[in-house]
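Side-chain atoms are counted along with the backbone in the values below, which use heavy atoms only and exclude waters and symmetry mates. Starting from 1, each residue takes its place in the sequence as its number.
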Amino acid sequence: MKYVSIDDPSACPYGMLYRLSLLATAAVKAEFARAGISAVKPAYLGVLMRLWYAERTDGTVSRLGHEDGIRISELGRMTGLEPSSMTGLVDRMERDGLVLRAPDPHDRRSQVVSLTEAGSAAQSGVIAALDRALEMVFQGMPQSELAAGKKFLERAIANLEA
């Protein structure tokens, strides 16, 4: 199968994914603005979701080997970000008061990231606004199509991570 054709550039799957990403990010930004959420940016969501999950899930933090946060390298692996991208992202999140960075007590070459009180407190409002934005993105789509779409995306991600 040929995926790219200059005869119909709008049908290129990569172009469609890219456009969807841009439009969905714009919808999330707009919903955050409507909800008065200014400290959290869409780029922070992957890291915040992992930290919120670790905060509320018994055993997750100890499984990762850290009682006081998650290693930056582990967060990068979980979110698919390169170390240089993670460093800049954590810098911005720290500046915005959402996370703290500290030396890893088990490995002085590493740093761990943990949520601040503001980072923890932002969860409910961010999740509600994100749900509203995604409701707009996927309006009119039956649950069966959403489930098939998620399965498709999971498989594509797995293909690329292999």
Side-chain angles (χ1 to χ4, degrees), residues 14-141 143 146-147 149-150 153-154 156-158 160-161:
Y14 176 79
M16 294 170 80
L17 287 169
Y18 183 70
R19 181 108 172 104
L20 174 61
S21 176
L22 292 174
L23 291 169
T25 299
V28 170
K29 284 179 181 178
E31 194 55 47
F32 281 5
R34 273 192 285 284
I37 297 168
S38 59
V40 176
K41 312 295 185 244
Y44 301 172
L45 290 173
V47 170
L48 285 173
M49 298 280 251
R50 296 297 179 164
L51 290 169
W52 289 332
Y53 178 78
E55 185 177 63
R56 69 177 272 276
T57 305
D58 291 340
T60 300
V61 174
S62 61
R63 180 179 61 79
L64 295 171
H66 302 284
E67 297 171 1
D68 299 318
I70 301 174
R71 279 188 185 151
I72 290 179
S73 59
E74 183 68 12
L75 279 172
R77 187 193 62 71
M78 292 171 162
T79 58
L81 294 173
E82 295 293 323
S84 60
S85 297
M86 275 303 301
T87 300
L89 186 65
V90 171
D91 286 346
R92 291 188 301 279
M93 293 175 74
E94 195 170 32
R95 176 202 66 207
D96 291 341
L98 300 168
V99 299
L100 290 175
R101 183 184 352 218
D104 183 339
H106 306 288
D107 181 354
R108 63 186 183 144
R109 298 167 296 169
S110 298
Q111 292 184 320
V112 293
V113 176
S114 59
L115 291 164
T116 62
E117 284 186 38
S120 292
Q123 180 181 351
S124 61
V126 167
I127 296 300
L130 184 57
D131 269 338
R132 287 190 302 273
L134 292 175
E135 198 172 296
M136 184 176 61
V137 171
F138 298 119
Q139 74 183 19
M141 294 183 196
Q143 287 298 314
L146 290 175
K150 282 175 67 175
L153 292 172
E154 288 168 353
I157 290 166
L160 294 172
E161 288 179 340

With distance as the sole test, does E55 use its side chain to make a donor-acceptor pair with the main-chain N or O of S120 at under 3.5 Å? no

Closest heavy-atom contact between G69 and S114? CA-CB, 4.0 Å

Taking the side chain as every heavy atom from C-beta outward, state whether T116 and E94 have any atom pair closer than 4.5 Å. no

Nearest heavy-atom approach of L75 to I70 is CG-CG2, 3.9 Å

To the nearest 0.5 Å, atom CD1 of I127 lies from atom CG of L48 at 9.0 Å

Do NZ/NE/NH1/NH2 and the carboxylate oxygens of R132 and E135 come within less than 4.0 Å? no

Counting distance only, does the side-chain N/O of T87 pair as donor-acceptor with the main-chain N or O of P83 below 3.5 Å? yes

Contact between M86 and V47 at the side-chain level, heavy atoms closer than 4.5 Å - yes or no? yes

With side chains defined as the heavy atoms from C-beta onward, is the minimum distance between M49 and L130 less than 4.5 Å? yes

Any side-chain heavy-atom pair from P42 and K29 closer than 4.5 angstrom? yes

Gap separating the CD atom of Q123 from the OH atom of Y53, nearest 0.5 angstrom: 12.5 Å

Just how far is it from atom CD of E74 to atom CE of M78, taken to the nearest 0.5 Å? 4.5 Å

Is the number of heavy atoms from other residues, nucleotides or ligands under 6.0 Å of M16 CE greater than 12? no

Please examine the side chains of D104 and V112, heavy atoms only from C-beta on, and report whether any two atoms are closer than 4.5 Å. yes

Minimum side-chain heavy-atom gap Y44-V126 below 4.5 Å: no

Could you state the interatomic distance from NZ (K41) to OG1 (T25), rounded to the nearest 0.5 Å? 13.5 Å

Answer yes or no: is there a side-chain heavy-atom contact under 4.5 Å between L45 and V28? yes

For G88, is there any backbone N or O sitting under 3.5 Å from a side-chain donor or acceptor partner on R92? yes

Would you say that R71 contacts D107 through its side chain, given a criterion of any heavy-atom pair below 4.5 Å between the two side chains? yes

Verify, without hydrogens or angle tests, whether R50 (side chain) and T79 (backbone) share a donor-acceptor contact under 3.5 angstrom. no

Exercise: identify the closest heavy-atom pair between A27 and V137: CB-CG2, 4.4 Å

Checking side chain to side chain contact (heavy atoms under 4.5 Å, CB included) for the pair D91/R101: CA distance, chi angles, key distance, verdict? CA-CA 9 Å; D91 286 346; R101 183 184 352 218; 2.4 Å; yes

Closest heavy-atom pair and its distance - W52, G119: NE1-O, 2.9 Å

